[in-house]
Number of protein chains: 2
Amino acid sequence: MTEEEKTTEKTILDAAKKVFLAKGYDGARMQEIADEAKINKSLVHYYFRSKDKLFDAIFKDAFSQFIPKVAETMASDKDIFEKISIFIDTYIEMFINNPHIPTFILHEINRNPDRIVGLFKETKIDPSVFGLTVINEINKGTIKPINPLHLIINMISMCVFPFAAKPILKGFIFQNNENAYLQFIAERKKEVTEFIIRSIKN
Amino acid sequence: MTEEEKTTEKTILDAAKKVFLAKGYDGARMQEIADEAKINKSLVHYYFRSKDKLFDAIFKDAFSQFIPKVAETMASDKDIFEKISIFIDTYIEMFINNPHIPTFILHEINRNPDRIVGLFKETKIDPSVFGLTVINEINKGTIKPINPLHLIINMISMCVFPFAAKPILKGFIFQNNENAYLQFIAERKKEVTEFIIRSIKN
DNA sequence: TTTAATTTTGACCACTTGGTTAATCCATTT
DNA sequence: AAATGGATTAACCAAGTGGTCAAAATTAAA
């Protein structure tokens, strides 16, 4: 419980997060994590018994990072257009700060589907909350009839994909100009929100 | 050049495709590929000198699979709404038949960005072709003003993501009901097309 | 049938991997 | 200062990795 200990554990977690997010479970090496943390490899095992345990910690962390805010927004009493706008902004902003998360999660859920489904169920997220809001607005005539599930998947798709496909966009479209790519991403907050609202607004 | 030889090589390629697509480069094992092909591991090296070489073959194949049709559609002289409709249909249908491609490519382009950018450039795909069509239609007043790049990324996003995120959708939303998931995917051909057109049509 | 060439195999190798262990270091307590 | 206990290290290990090689099996050529 000393300062020392907490610092070391955190150091390892930070290093592990960096390596795991960049290379995935299979591509990550315990030695590389130790190097990144500038400590002996045994120390990593001393704090987290195995690669699996360490990975679990990182995965849970990465995963829990992008759930709460979204759930919070969805449960609020703002009108649906504002909800959508905040949702898109929050999602994109979070990925700007954690650009590896999309690819990481998308790859790892394929390697181990059960783990992630379990994590999702732990979060107590209820996909029907937003669905009810949508249906409600449809009935009020605020928006056009639409399948709420398709709508939410559309929203998430347009936020996630440009990050998962960053090397293509940056390398092929933007000639490796990082700033051009980042500006494109920044534009999307407004662009995607408007694109969605234009499609559903009555 | 006998029947035998061609068959063996194809057998290996098929096995390798299956394993690489499911597990990625790092997760794939030469032994597993050999087992899948029901041959000796050395034989894999006999036909494709190394894991890298074999992977390159698979990657190029997987990659080239989803480029031509799309390019063809985009270059045609159909009106923009039809182009969009065909684009969405083609894309989704192809992923239905190759469900691992999205995750595979998204993961591997992060591991080796240069390779994929090179492959893209080989394809001679010109992103501006569709862009010009869009601008043209905007000027004619057929569709609302929109940044063509954001539009095309939106389109691809909504096609790709539901496949990359299959384990989440299937496990969390559809309670592991494969058919429910597949039906949802099938619905998206119509749903996404309408969603887009509704947003841009004047 | 004999010979030559090709394809397939099993044994093997060097290296890397995650993980263990015993010794050492170091701060705190007595 | 001595002892205690946790933190850190270096050396090491067994299992698995991609890859090689020479022998065997099969096919083609003579």
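Letters A, B, ... are given to chains in the order of the sequence lines, protein chains preceding strands, and every chain is numbered from 1. Side chains are part of it too, since the values below use all heavy atoms of this structure and drop only hydrogens, waters and symmetry mates.
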D/dG18, D/dA10, C/dT9: which one has an atom nearest the side-chain heavy atoms of B/H45? D/dG18
Are B/D79 and B/K83 ion-paired here, with the side-chain N under 4.0 Å from a carboxylate O? no
For the pair made of CZ in A/F48 and P in C/dT20, what is the distance, rounded to whole Å? 15 Å
N/O-N/O pairs, protein side and nucleotides 23-26 of chain D side, under 3.5 Å:
none

Residues from residues 17-25 of chain B sitting under 4.0 Å of DNA chain C, heavy atoms only? none
Nearest-0.5 Å distance, CD of residue B/E178 to NZ of residue B/K170: 4.0 Å
Nucleotide nearest B/R29 when distance is taken to its side chain, options D/dT8, C/dG18, D/dG18: D/dG18
Would you say NZ of B/K190 has more than 12 non-hydrogen atoms from neighbouring residues, nucleotides or ligands within 6.0 angstrom? no
Over how many whole Å does the gap from B/I12 atom CD1 to C/dT7 atom P extend? 11 Å
Is the distance from the ring center of B/H100 to that of B/F163 below 6.0 Å? no
Within a radius of less than 6.0 Å around NZ of B/K18, do more than 12 heavy atoms belonging to other residues, nucleotides or ligands occur? no
Rounded to whole angstroms, how far apart are OH on B/Y46 and P on C/dT9? 12 Å
Can we say A/E191 and A/R188 salt-bridge, meaning some charged N sits less than 4.0 Å from an Asp/Glu carboxylate O? no
Rounded to the nearest angstrom, tell me the gap between atom CE in A/M30 and atom P in D/dT8. 15 Å
Going by modelled atom types, is there a donor-acceptor pair between the base of C/dT20 and the side chain of A/S42 at under 3.5 Å? yes
If you round to the nearest 0.5 Å, how far is OH of B/Y46 from CD of B/E9? 11.0 Å
Starting at CG of A/L54 and ending at P of C/dG19, how long is that distance when rounded to a whole Å? 10 Å
Can you tell me the distance, in whole Å, between the CD1 atom of B/I33 and the C1' atom of D/dG19? 14 Å
Please state how far atom NZ in B/K38 lies from atom P in C/dT7, giving the value in whole angstrom units. 22 Å
Between C/dT9, D/dA10, C/dT8, which nucleotide has the shortest distance from any of its atoms to the side chain of B/T8? C/dT8
With the side chain defined as heavy atoms from C-beta on, B/K41 is closest, among C/dT8, D/dT8, D/dG18, to D/dG18
For the side chain of A/Y47, counting heavy atoms from C-beta on, which of C/dG19, D/dA7, C/dG10 is nearest? D/dA7
Contact class for B/A28 (heavy atom, under 4.0 Å): base, sugar-phosphate, or nothing? sugar-phosphate
Interatomic distance where NZ belongs to B/K51 and P belongs to D/dG19 [whole Å]: 8 Å
Quick one: pull up CZ in B/F20 and CD1 in B/I58 and give me the separation to the nearest 0.5 Å. 7.0 Å
side-chain N/O A/N40 vs D/dT8 OP1/OP2, d < 4.0 Å: no
Would you say the side-chain atoms of A/D52 and A/Y25 include a donor-acceptor pair closer than 3.5 Å? yes
d(A/R198 CZ, B/S199 OG) to nearest 0.5 Å is 4.0 Å
